[in-house]
Amino acid sequence: MARFTALQVASQESEVGEFITSQDIGDGVTDFRFKAHIPGYESWQWSVTLYHDVDADRWTVDESSLIPASGALLSPQWVPWKDRLVPEDFSVTDVMGTESDDKRLEDGFRKVDAAEAGSEAVETKETDAVAAHEAAQTVSSPDAPDSPDFSDASHVAVSSVAPDSDEPDAADVQSENAGSGDSDLVSADAAVEDHESEHESSEDLQEAVDTLHLARRRVLSPLGRSEAAKRWYAGQGGPKSLSTKAAEGHTCDECGFYIPLSGELGTMFGVCANRWSPDDGRVVSLDHGCGEHSDINPPEMSPLWVQSEPAFDDLHIDIVRQAPREERPEVELIEKLQSDDKASPRASDESKQSD
């Protein structure tokens, strides 16, 4: 029955080969396998699933299909269209967009005011306190006899001056006051220095943010910068381009038209500003080069004018199509009269010569 079903599904009887095996799937369902001899379907098998009703002692067909076996010829795995695209597939009018979780980007710099920073610090302290309290409860056991109950105020000891100690004299008090005054001056100076250093660091941070334009909503991540550097260095603006070989050792790092980039990428790349260069307005590496380097002098012009001989083509004939002739009775009559006038002087001259 399984072979008959496979023969009914196949377009030709020769496409169904010999029986391979059968597998009991369970609940009265059995899968029968046959070799498939179909061009283009190497190592594929016919799968016919039958159901056996034990009470009625009857077999019925569930389904039949082609199943790939080990080593079967399969089509490549499907790749999403976005992963198949390359930059050359886009035109200036195409819009692709950027995903919100793009790993090439990260959040930019965001300045936090004092109130927000204080609230975040308080939340952090509260979270740490709750975690510490939970950890203490987990470690300490309520049945332990040596664990004091800090909720009872009787366990809190208040220190005071011992009754047996002697009272301090006036000299000791004066020396202590003098020492405390000096320590207050030192702490005040340290506070001023800390404030000045914090102010300078904030100014340096703001200057870096303004220079590198880090206040944007999203900026390049380290992964994005690394991918861009590899792509630029391996492209036409890198050291392996044909123009670099033609430059004969004149690289962009010594060119006056080279504008270095800012930030981390500026250590390797810049922009060409030479209008006569093929890389004008493009990113180039430091070891890139071209024939329009600022240190390359133009070739010297010869003072003599070298006149080349004109070239004549005497092997080909150019056929020029003329305008169509206007055929009108008036025009034909005029042309006939003109031809008669030209012929009449010749006839008179010939008659005079005969005489």
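On a predicted model such as this, the values are computed, not experimentally measured, just so you know. For this chain, numbers begin at 1 and follow the sequence in order.
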Quick one: does Ser226's side chain have a donor or acceptor within less than 3.5 Å of a partner on Pro222's backbone?
no
Going by the salt bridge (Lys or Arg N to Asp or Glu O under 4.0 Å) test, which pairs reach into residues 63-79, not counting sequence neighbours?
none
d(Leu223 CG, Leu105 CG) to nearest 0.5 Å is 10.0 Å
I'd like to check the salt bridge (charged side-chain N to carboxylate O under 4.0 Å, His left out) partners of Asp102; sequence neighbours left out, ordered by chain and number.
Arg104
Could you name each residue pair satisfying side-chain hydrogen bond (donor to acceptor under 3.5 Å, both in side chains) that touches residues 258-268, not counting sequence neighbours?
Arg225-Glu264
ring-ring contact (aromatic ring centres under 6.0 Å, His included) against His213, all qualifying residues, sequence neighbours excluded
none
Sorted by chain and number, sequence neighbours left out, ring-ring contact (aromatic ring centres under 6.0 Å, His included) with Tyr233 holds for none
Excluding sequence neighbours, so at least two apart, what forms salt bridge (charged side-chain N to carboxylate O under 4.0 Å, His left out) with Glu99?
Lys82
Membership question, hydrophobic clusters at under 4.5 Å side-chain separation (ILVMFWY): are Val48 and Trp59 in the same one?
yes
Residue pairs, two or more places apart or on separate chains, that pass side-chain hydrogen bond (donor to acceptor under 3.5 Å, both in side chains) and touch residues 27-41
Glu18-Lys35, Asp31-Arg33, Asp31-Ser47, Arg33-Gln45
I'd like to check Pro239 versus Ser285 (side-chain heavy atoms, cut-off strictly below 4.5 Å). Are they in contact?
yes
Would Trp232 end up clustered with Met268 when hydrophobic side chains under 4.5 Å apart are linked, directly or stepwise?
yes
Taking only residues at least two apart or on different chains, which pairs with a member in residues 270-297 satisfy salt bridge (Lys or Arg N to Asp or Glu O under 4.0 Å)?
none
Fellow cluster residues of Ile20, listed by chain then number, with links counted only when side-chain atoms sit under 4.5 Å apart:
none
Looking at every non-hydrogen atom in both residues, tell me the closest pair between Ala273 and Ile259 and how far apart they are.
CB-CD1, 3.8 Å
Would the distance check show the side chain of Trp44 and the main-chain N or O of Leu73 forming a donor-acceptor pair, the cut-off being under 3.5 Å?
yes
Any idea which heavy atoms bring Ser64 and Val9 closest together, and the distance?
OG-CG2, 3.2 Å
What residues join Leu333 in its hydrophobic cluster, counting side-chain heavy atom gaps under 4.5 Å, either direct or through other members?
Leu337
Residues passing the side chain to side chain donor-acceptor pair (under 3.5 Å) test with Ser241, sequence neighbours excluded, are Ser243, Thr244, His288
Backbone N/O of His293 and side chain of Ser277: donor-acceptor pair under 3.5 Å
no
With sequence neighbours excluded, residues passing ring-ring contact (aromatic ring centres under 6.0 Å, His included) with Phe19:
Phe34
